[in-house]
Amino acid sequence: MTIIIEQPGIIEDGEKKVQNNEKELVLDGGFAMPHANAFGHNFRDYDAQSARQEGVENFYRTNHIYQTYDFVKKMREEYGKLNKVEMSIWECCELLNEVVDESDPDLDEPQIEHLLQTAEAIRKDYPNEDWLHLTALIHDLGKVLNLPSFGELPQWAVVGDTFPVGCAFDESIVHHKYFKENPDSTNPAYNTKYGVYSEGCGLDDVMMSWGHDDYMYLVAKGNKTTLPSAGLFIIRFHSFYALHRSGAYKHLMNEEDGQNLKWLQIFNKYDLYSKSKVRIDVEKVKPYYLSLIDKYFPAKLRW
Ligand SMILES: O[C@H]1[C@H](O)[C@@H](O)[C@H](O)[C@@H](O)[C@H]1O
Ligand SMILES: [Fe+2]
Ligand SMILES: [Fe+2]
């Protein structure tokens, strides 16, 4: 079974890699990258006529109208306090099962399945990178923002692809047309290529639309995780498809971002293409993940 990575030369650290020609890198021993999602459509086809299409498009309309620079600033300040809940990482994994993601055309399984499917798939191909297994397990935990004890934020402020605010919205962002009604689109401080940023300023300084990625990043950092910077980068930017899939906004990256982006692009294959109906036996893999949580996080975290 193989996973084909379209971008040549992006992997330096993956195990079992084979350079089979100049255009492709093939990782042996992984899951087969499926051609269709569980509903018989291509992955991330936002125009395919399916039962989910209308809901997903509506989701992005609201998301694009309300995610503004000021909104993100307020949310980062509020949620950066980490004063909502105290619990362990595993408790949060279980809590996540109560969240339904309205933005996702490819998935209607309980979220814990998605976490474990991603983590187990990446573990098979990168057995020695335990930080990557744990990163996969926790990357979507921020979706608890949708639950009452976390402020019950609406879906548009929790899930979906993310994008920078404070500079122009790139055309490659899904359902870009809905940004027309976002007040930042007509604000000259925010609607130019660089906006409030500068060339090579580094993504650390870039404010992203608010949701589960940035929240989980703040939680991990605020609780002093020992995950490497690539793990934190994956958590914060895994929904930033305009960057990791379309190559937009590279003018804001610095050198470290360039290194971390390679790992994010590896991670994304597993995040996206492991979504399936094949269930993981939670009890069987739980001890392994508990040991990783223990290695990289305190027993209880502030959320
Ligand atoms: O709909 C999905 C889902 O919300 C994922 O968790 C997110 O990471 C993706 O970027 C998004 O497209
Ligand atoms: Fe996500
Ligand atoms: Fe995910």
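Just the heavy atoms: all of them, side chains too, but no hydrogens, waters or symmetry mates, feed the values below. Remember, it's 1-based here, ligands and their atoms both numbered in the order they're listed. Counting from 1, the numbers follow the sequence of the chain as shown.
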Taking 4.0 Å as the limit for heavy-atom contacts, which would you say applies to F240 with ligand 1: side chain only, backbone only, both, or neither?
neither
How far is atom 1 (O) of ligand 1 from its nearest protein heavy atom, and which residue and atom name does that atom have?
S103 OG, 2.6 Å
Using a heavy-atom cut-off of under 4.0 Å, does the side chain or the backbone of H238 touch ligand 1, or both, or neither?
side chain
the protein heavy atom lying closest to atom 9 (C) of ligand 1 turns out to be D161 OD1, 3.6 Å
Look at atom 8 (O) of ligand 1 and say which protein heavy atom is nearest, naming residue and atom and giving the distance to 0.1 Å.
S239 OG, 2.6 Å
Classify the contact between D140 and ligand 1 as side chain, backbone, both or neither, using a heavy-atom distance cut-off of under 4.0 Å.
side chain
Atom 5 (C) of ligand 1: the protein heavy-atom neighbour that sits closest, reported with distance to 0.1 Å:
K143 NZ, 3.9 Å
Is it true that D170 and S172 share a donor-acceptor pair across their side chains at a distance under 3.5 Å?
yes
Electrostatic pair E78-K84, nearest N-O below 4.0 angstrom:
yes
Taking non-hydrogen atoms only, is Y46 closer than 4.0 angstrom to ligand 1 via side chain, backbone, both or neither?
side chain
Least distance between heavy atoms, P105 atom then N37 atom
O-ND2, 3.6 Å
Do E77 and K74 sit within salt-bridge range, that is, some charged N less than 4.0 Å from a carboxylate O?
no
Between NE2 on residue H64 and NE2 on residue H175, distance to nearest 0.5 Å
7.5 Å
Does D125 come within less than 4.0 Å of K269, counting only side-chain N to carboxylate O?
no
Looking only at side chains, do Y178 and N63 share a donor and an acceptor under 3.5 Å apart?
no
Out of all atoms in ligand 1, which are within 4.0 Å of some heavy atom of V159? Include the element for each.
4 (O)
Do you see an N/O/S atom of H139, backbone or side chain, under 2.8 Å from the Fe ion (ligand 3)?
yes
Looking only at protein heavy atoms, which one is nearest to atom 4 (O) of ligand 1, and what is the separation?
D101 OD2, 2.6 Å
Sub-4.0 Å heavy-atom approach of Y60 to ligand 1:
yes
Roughly how far, to the nearest 0.5 Å, is CG of L132 from CG of L292?
11.0 Å
Does a side chain donor of either D140 or H238 reach within less than 3.5 Å of an acceptor in the other side chain?
yes
From the N, O or S atoms in D271, identify the one nearest to the Fe ion (ligand 3).
OD1
Find, among atoms of D140 that are N, O or S, the one nearest to the Fe ion (ligand 2), and state its name.
OD1
State the atoms of ligand 1, each with its element, that fall below the 4.0 Å cut-off from a heavy-atom position in D104.
1 (O)
Donor-acceptor side-chain pairing of H114 and D271 below 3.5 angstrom:
yes
Would you say H212 touches ligand 1, if touching means a heavy atom closer than 4.0 Å?
yes
